[in-house]
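Below is one structure, written out as C-alpha cells; comments come after it.
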Number of protein chains: 2
Amino acid sequence: MDIKQTYSISELAKEFDVTTRSIRFYEDQELLRPTRRGQTRIFSSKDRVRLKLILRGKRMGFSLAETKELFDLWDETLSGNEKQLLKMLTILENKRAQLEQQKNDIAQAEMEMDTAEARCREALAELQKKKKQQAPANEEARQTAEH
Amino acid sequence: MDIKQTYSISELAKEFDVTTRSIRFYEDQELLRPTRRGQTRIFSSKDRVRLKLILRGKRMGFSLAETKELFDLWDETLSGNEKQLLKMLTILENKRAQLEQQKNDIAQAEMEMDTAEARCREALAELQKKKKQQAPANEEARQTAEH
DNA sequence: AAACTACTTTACGTTTACGTAAACTTTATC
DNA sequence: GATAAAGTTTACGTAAACGTAAAGTAGTTT
C-alpha cells in the first residue's frame with residue numbers, strides 16, 4: 001500500500017517536477033490512464049508508478065513511444081497467454097543488452113572525464129608555477145601547513 | 001597515431017552507421033569542423049573522435065547542443081586561462097553527478113527487469129501445469145526419450 | 001564523350017515532446 | 001455572490017534531429 005491511493009494532476013506535477021501540460025500529454029499518448037470525477041483527472045498509484053517510469057525512461061534516452069510499447073506489452077503479458085510471455089522474455093533480453101551498452105558508455109565517459117580532469121589540474125599547476133615565478137615571495141609556508 | 005589521418009564523409013558514415021546527412025548536419029551545428037579539398041569535406045581523426053563522442057552522447061540521452069557545449073568548453077579550456085580551467089572542473093563534477101544518476105536509473109531498471117522476468121517465468125510454469133492437467137495422456141514417454 | 005559514382009548545396013517536410021495562449025467550468029474562500 | 005484558484009479543452013507554435021527530394025559539380029570508368 002502506498003501512502004495515498006489517488007493523486008491530483010498538480011500533486012504529481014509537483015512531486016516529479018514536471019508541468020501539468022506534460023502529464024496531460026502523457027495521457028493523450030496513452031501512457032497514463034487517469035479516471036475522472038466530473039472532468040478532473042484522478043490518478044491512481046499505478047499511474048504514479050508509470051509516471052516515475054516514464055521520467056526514468058527519458059533520463060535513459062527512451063522515447064515516449066518506446067516506453068509506451070513496454071507498458072502495453074507488460075499489460076498484454078499480464079493477461080498471460082504463452083506467446084506474449086515468451087515475447088516479453090526476449091524483449092527483456094534485448095533491454096538488458098541495451099543496458100549493458102549504456103553501462104559501457106558510462107564507464108568510457110568516466111574514464112575520459114578522469115583524464116580530462118587530470119589535464120585540467122596539470123594545467124592549473126603550470127599556471128601556479130608561472131605565478132610564483134612572476135611573484136617570488138612567500139616560498140615554503142603552504143607546504144609545511146598541509147598535513 | 002591512428003591508422004589513417006583523414007576520412008571521407010562516407011567512410012565515417014559507414015564506420016559509425018550514420019547517414020551522410022547526419023554528419024553534414026553535425027558540421028552545420030558546428031560539432032565537426034572538416035576542412036575542404038575543393039568542396040569535398042576532409043575529416044581529421046580529431047573529427048572522428050568527436051563523431052564517436054557525439055554518438056555516445058546520444059545513446060546516453062545528451063542533445064547535440066549539450067555535446068557541443070562540452071566540445072566548445074574543452075576547446076576554451078585548452079587555451080588555458082585559469083577561469084576556464086576552474087569552470088571546466090566544476091562542470092566535470094556536474095557531469096559526474098549526472099552519470100551517478102544514470103547508474104542509479106540503470107540499476108533500478110535492472111532490478112525491475114529481474115522481477116518482471118521472474119513473474120513471466122512463474123506464469124509460464126503455471127501454464128505448463130494446466131497443460132499437463134488438461135492432457136493427462138502419454139505420461140512418461142518424453143522423459144525417457146530425451147537424452 | 002557518355003555514363004556512373006561520390007560529393008555538394010539548398011530547401012522544404014516530418015516527428016517528438018512539449019510551450020503557450022484563449023476561453024471555459026468547477027470548487028473553495030471571503 | 002463575487003472572486004480567486006485549480007482544473008479543463010482546443011489549438012496553434014516551436015526546437016531538435018534529421019529525412020528527402022532537387023539540381024548541380026567533380027572525378028573515374030568504359
Side-chain angles (χ1 to χ4, degrees), chain A residues 4-44 47-48 50-72 98 102 105, chain B residues 4-44 47-48 50-73 98 101-102 105:
Chain A
K4 236 187 166 184
Q5 302 287 25
T6 69
Y7 306 84
S8 77
I9 193 169
S10 50
E11 278 173 340
L12 289 183
K14 226 177 223 175
E15 179 175 358
F16 293 107
D17 194 33
V18 293
T19 64
T20 58
R21 176 68 180 91
S22 298
I23 293 178
R24 291 196 193 97
F25 183 74
Y26 300 151
E27 181 193 6
D28 198 55
Q29 303 299 302
E30 303 186 302
L31 284 130
L32 301 177
R33 298 188 184 284
T35 57
R36 305 286 177 124
R37 180 173 51 213
Q39 60 172 3
T40 67
R41 283 164 246 260
I42 302 179
F43 296 87
S44 68
D47 286 315
R48 210 195 84 135
R50 286 200 161 198
L51 180 53
K52 197 186 290 189
L53 291 176
I54 292 169
L55 298 176
R56 187 162 72 214
K58 294 199 67 186
R59 285 197 305 270
M60 295 174 63
F62 293 165
S63 72
L64 294 184
E66 284 174 305
T67 302
K68 175 177 161 48
E69 253 190 287
L70 280 178
F71 285 174
D72 291 351
Q98 240 183 82
Q102 293 211 22
D105 287 338
Chain B
K4 235 186 166 184
Q5 303 286 29
T6 69
Y7 307 85
S8 77
I9 193 169
S10 50
E11 278 173 338
L12 289 183
K14 226 177 224 174
E15 178 175 358
F16 293 107
D17 194 35
V18 293
T19 64
T20 58
R21 176 69 178 92
S22 297
I23 293 179
R24 291 197 194 96
F25 183 74
Y26 299 152
E27 182 193 4
D28 199 54
Q29 303 299 302
E30 304 186 299
L31 285 131
L32 301 177
R33 300 187 184 282
T35 58
R36 305 288 177 123
R37 181 172 49 217
Q39 60 173 3
T40 68
R41 280 161 250 251
I42 301 179
F43 295 87
S44 68
D47 286 316
R48 209 195 85 134
R50 286 199 163 199
L51 180 53
K52 197 187 287 189
L53 291 175
I54 292 169
L55 299 176
R56 186 162 74 214
K58 294 200 66 185
R59 286 197 303 271
M60 296 174 63
F62 292 164
S63 74
L64 294 185
E66 284 174 306
T67 301
K68 175 176 162 46
E69 252 189 286
L70 280 179
F71 285 175
D72 292 351
L73 232 100
Q98 240 183 85
Q101 166 74 330
Q102 294 211 21
D105 287 337

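Throughout, a chain's letter reflects where its sequence line sits, starting with A, and its residues are numbered from 1. If you're wondering where the values come from, they're calculated on a predicted model, not measured in any experiment.
Considering only residues two or more places apart in sequence or on other chains, A/Glu69 meets the salt bridge (Lys or Arg N to Asp or Glu O under 4.0 Å) condition with none of them. Scored by the side chain to side chain donor-acceptor pair (under 3.5 Å) test, A/Ser44 finds A/Asp47 as partners (sequence neighbours excluded). Here B/Glu27 pairs with B/Arg36, B/Arg41 under the side chain to side chain donor-acceptor pair (under 3.5 Å) rule; sequence neighbours left out. With sequence neighbours excluded, the residues forming a side chain to side chain donor-acceptor pair (under 3.5 Å) with B/Thr19 are B/Ser22, listed by chain and number. Qualifying side chain to side chain donor-acceptor pair (under 3.5 Å) partners for A/Thr40, counting only residues two or more places apart in sequence or in other chains: none. Shown here are the side chain to side chain contact (heavy atoms under 4.5 Å, CB included) partners of B/Leu70, two or more places apart in sequence or in another chain: B/Ile91, B/Lys95.
When each of D/dA6, C/dC7, D/dT9 is scored by its nearest atom to the side-chain atoms of A/Arg24, the top-ranked nucleotide is D/dT9.
Residue B/Ser8 places at least one side-chain N or O closer than 4.0 Å to OP1 or OP2 of C/dC7. Distances shown here put a side-chain N or O of A/Arg41 below 4.0 Å from the OP1 or OP2 atom of D/dT8. Residue A/Thr19 has a polar side-chain atom (N or O) positioned under 4.0 Å from OP1 or OP2 of C/dG19.
At the heavy-atom level, B/Thr20 lies nowhere under 4.0 Å from the strands shown.
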Please tabulate the protein-to-nucleotide N/O contacts below 3.5 Å involving nucleotides 23-26 of chain C, giving atom names and distances.
none

Pairs: protein N or O with nucleotides 14-17 of chain C N or O, under 3.5 Å:
{"from": "C/dA17", "atom 1": "OP1", "to": "A/Leu64", "atom 2": "N", "distance (Å)": "2.9"}
{"from": "C/dA17", "atom 1": "O3'", "to": "A/Lys58", "atom 2": "NZ", "distance (Å)": "3.4"}

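What separates CZ of B/Arg36 from C1' of C/dA6 is a distance of 14 Å, to the nearest Å. Nucleotide D/dT25 holds its C1' atom 15 Å from the CZ atom of B/Arg37, rounded to whole Å. Rounded to whole angstrom, the span from the CZ atom of B/Phe16 across to the C1' atom of D/dC18 amounts to 19 Å. Here the C1' atom of nucleotide D/dA5 and the NZ atom of A/Lys14 are 12 Å apart, to the nearest Å. Atom pair A/Ile54:CD1 and C/dC18:C1' shows a separation of 13 Å (rounding to whole Å applied). Across the protein-nucleic acid pair, B/Glu66 atom CD and D/dA17 atom C1' stand 14 Å apart, rounded to whole Å. We find that CG of B/Leu55 is positioned 13 Å from C1' of D/dA17, with the value rounded to whole Å. Spacing between atom CD of A/Glu27 and atom P of D/dG7 amounts to 14 Å, rounded to whole angstrom units.
The salt bridge (Lys or Arg N to Asp or Glu O under 4.0 Å) pairs that include a residue from residues 14-25 of chain B are B/Glu15-B/Arg48, where partners are two or more places apart or lie in different chains.
From A/Ile23, atom CD1 reaches atom CD1 of A/Ile9 across 5.0 Å, with rounding to the nearest 0.5 Å. One distance of note links CZ of B/Phe25 with CG of B/Leu32; it measures 11.5 Å at 0.5 Å rounding.
Side-chain contact between B/Leu55 and B/Tyr26: present, with at least one pair of heavy atoms (C-beta onward) separated by less than 4.5 Å. You'll find the side chain of A/Thr6 stays beyond 4.5 Å of the side chain of A/Phe43, heavy atoms only.
In this model, a side-chain donor or acceptor of B/Arg21 finds a partner on the base of D/dT20 within 3.5 Å.
Rounded to 10 degrees, the angle between the two end axes of the helix from C/dA1-D/dT30 to C/dC30-D/dG1 is 0°, with five pairs used at each end.
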Exercise answer: donor-acceptor pairs, residues 57-64 of chain B side-chain atoms, under 3.5 Å, sequence neighbours excluded:
{"from": "B/Arg59", "atom 1": "NE", "to": "A/Asp105", "atom 2": "OD2", "distance (Å)": "2.8"}
{"from": "B/Arg59", "atom 1": "NH2", "to": "A/Asp105", "atom 2": "OD1", "distance (Å)": "2.8"}
{"from": "B/Ser63", "atom 1": "OG", "to": "B/Ala65", "atom 2": "N", "distance (Å)": "3.4"}
{"from": "B/Ser63", "atom 1": "OG", "to": "B/Glu66", "atom 2": "N", "distance (Å)": "3.1"}

